[in-house]
Trainee: 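Okay, here's the structure, questions in a sec.
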Amino acid sequence: MELIQKTSDLSAYLAADEVIDHDHPRVREVAAGLAREAADSYAYARLAFEFVRDTIPHSQDSGDPRVTWRASDVLERRTGICYAKAHALTALLRAEDIPTALCYQRFDVVHGLVAVRFNGAWHRQDPRGNKPGVDARFSLAGERLAFTPDRAAGEEDYPELYAVPHPAVLAALKAATDRPHLWATLPVAL
């Protein structure tokens, strides 16, 4: 699948905003700690991915009812669904000047992940969190995502790479009073 930048200006994939708030002190603190352990930007990206994947539980898996959507809140509260975890990873990567996009797949509902730009190409990564049957890995040599869409069942990969969260995703996150409410209002398509 060919990935498509929704915004032609690569600097948009480095920007901070209210969601991808990589200028926030909590994001900067986590990024600085990870950067001290990394020999280069590739190692940093892998460490940031593993940090989000492994230390921030997916709220559905853990049963946490809280809804987070801002990257700094995800890092502070240590919880989030796929979209929130993608926002946190995006902020950590952009904090170290690694162009990062938000991207999506469609299953029963829309699933969120990221794409990082290395060596002139985009590479999708899924920080959702592993569990039995899910083994996502950081890779530039081929996708190791949490899920593979079944096209025969109507599932799909969306090729678009967004500099900011999709409006339908952000609206659902912001309107949710808790995770059960969010689960009932997740977008089913983009």
Side-chain angles (χ1 to χ4, degrees), residues 1-22 49 52-53 56 58-61 66-74 79-94 98-117 121-131 133-134 136 138-139 142-190:
M1 174 181 65
E2 182 179 343
L3 300 173
I4 303 165
Q5 285 182 217
K6 290 287 286 178
T7 305
S8 61
D9 182 1
L10 194 58
S11 69
Y13 298 93
L14 292 168
D17 59 26
E18 76 165 329
V19 178
I20 311 300
D21 58 343
H22 64 74
F49 170 85
V52 172
R53 181 194 65 190
I56 300 171
H58 189 284
S59 58
Q60 177 71 13
D61 295 347
R66 298 175 295 166
V67 174
T68 54
W69 53 269
R70 183 177 286 117
S72 57
D73 291 339
V74 175
T79 189
I81 67 164
C82 60
Y83 310 127
K85 291 181 67 155
H87 298 166
L89 179 55
T90 298
L92 289 172
L93 294 171
R94 289 182 184 181
I98 298 170
T100 308
L102 297 159
C103 46
Y104 304 93
Q105 297 174 308
R106 183 171 57 80
F107 299 98
D108 292 340
V109 294
V110 174
H111 174 62
L113 49 153
V114 306
V116 296
R117 189 163 177 89
W122 289 101
H123 306 272
R124 293 190 310 166
Q125 313 295 327
D126 192 343
R128 180 223 179 273
N130 289 339
K131 63 180 187 174
V134 176
F138 184 84
S139 175
E143 293 185 338
R144 297 286 309 270
L145 305 178
F147 309 110
T148 302
D150 178 354
R151 290 182 189 8
E155 299 172 348
E156 66 181 298
D157 281 311
Y158 291 113
E160 295 85 7
L161 301 174
Y162 295 87
V164 298
H166 190 282
V169 167
L170 190 55
L173 287 168
K174 284 183 165 184
T177 55
D178 58 19
R179 188 185 34 77
H181 176 248
L182 175 62
W183 226 246
T185 60
L186 288 172
V188 295
L190 297 181

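Everything quoted here is computed from the prediction, not taken from an experiment. For the single chain, residues carry numbers from 1 onward in sequence order.
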Trainee: Taking atom NZ of Lys85 and atom OG1 of Thr79, what is their separation to the nearest 0.5 Å?
Mentor: 8.5 Å
Trainee: Output yes when a side-chain donor or acceptor of Ser11 lies under 3.5 Å from a complementary backbone atom of Asp9, and no otherwise.
Mentor: no
Trainee: Just wondering, more than 12 heavy atoms not from Asp108 lying within 6.0 Å of its CG?
Mentor: no
Trainee: Can you name the nearest heavy-atom pair linking Tyr158 to Leu190, along with the distance?
Mentor: OH-N, 3.0 Å
Trainee: Scan for salt bridge (Lys or Arg N to Asp or Glu O under 4.0 Å) pairs involving residues 159-180, sequence neighbours excluded, and state none if there are none.
Mentor: Glu18-Lys174
Trainee: For Leu14, check side chain to side chain contact (heavy atoms under 4.5 Å, CB included) against everything at least two apart and list the hits.
Mentor: Pro99
Trainee: Do the non-hydrogen side-chain atoms of Val114 and Phe49 ever get within less than 4.5 Å of each other?
Mentor: no
Trainee: Within the structure provided, determine whether Arg128 and Leu113 are in side-chain contact (heavy-atom separation under 4.5 Å).
Mentor: no
Trainee: Within this structure, what is the NZ-CD distance for the pair Lys131 and Gln60, rounded to the nearest 0.5 Å?
Mentor: 7.5 Å
Trainee: Could you work out, with side chain to side chain contact (heavy atoms under 4.5 Å, CB included) as the rule, every residue matching Ala91, not counting sequence neighbours?
Mentor: Ile20, His22, Val27, Ala71
Trainee: Only counting residues at least two apart or in another chain, list the ones meeting ring pair (Phe, Tyr, Trp, His ring centres under 6.0 Å) with His166.
Mentor: Tyr162
Trainee: Identify the heavy atoms of Gln125 and His123 that sit nearest to each other, and give their distance.
Mentor: NE2-O, 3.4 Å
Trainee: Do the side chain of Arg106 and the main chain of Gly154 share a donor and acceptor less than 3.5 angstrom apart?
Mentor: yes
Trainee: Is there a side-chain contact between Leu186 and Val110 in this structure, where contact means two heavy atoms from C-beta onward sitting under 4.5 Å apart?
Mentor: no
Trainee: Which heavy atom of Cys82 sits nearest a heavy atom of Gly112, and at what distance?
Mentor: SG-N, 3.3 Å
Trainee: Nearest 0.5 Å, please: how far is OG1 in Thr148 from CD in Gln105?
Mentor: 7.5 Å
Trainee: Among residues two or more places apart or on two chains, list those pairs meeting side-chain hydrogen bond (donor to acceptor under 3.5 Å, both in side chains) that have a residue in residues 181-190.
Mentor: none
Trainee: Of the non-hydrogen atoms in Cys103 and Ala115, which two are nearest, and what is the gap between them?
Mentor: SG-N, 3.9 Å
Trainee: Nearest 0.5 Å, what's the CZ-CG distance between Arg70 and Leu170?
Mentor: 9.5 Å
Trainee: Do the side chains of Ile81 and Leu173 get nearer than 4.5 Å, heavy atoms only?
Mentor: yes
Trainee: Given 3.5 Å as the limit, does a donor-acceptor pair link the side chain of Lys6 with the main chain of Ala163, or not?
Mentor: no
Trainee: When you measure from the side chain of Tyr83 to the backbone N and O of Val169, does any donor-acceptor pair fall under 3.5 Å?
Mentor: no
Trainee: Working to the nearest 0.5 Å, report the span between CD of Gln5 and CH2 of Trp122.
Mentor: 5.5 Å
Trainee: Distance alone, cut at 3.5 Å: any donor-acceptor contact between the side chains of Asp73 and Thr68?
Mentor: no
Trainee: Looking at Asp157 and Arg151, is there a salt bridge between them, counting it only when a charged N and a carboxylate O are closer than 4.0 Å?
Mentor: yes
Trainee: Contact between Pro165 and Tyr104 at the side-chain level, heavy atoms closer than 4.5 Å - yes or no?
Mentor: yes
Trainee: What are the two closest non-hydrogen atoms of Asp126 and Ala136, and how far apart are they?
Mentor: O-CB, 3.3 Å
Trainee: With a 4.5 Å cut-off on side-chain heavy atoms, are Leu102 and Val164 touching?
Mentor: no
Trainee: Sequence neighbours left out, what passes side-chain hydrogen bond (donor to acceptor under 3.5 Å, both in side chains) with Glu155? Give chain and number order.
Mentor: none
Trainee: Would you check if the side chain of Tyr13 reaches a backbone N or O of Arg117 as a donor-acceptor pair within less than 3.5 Å?
Mentor: no
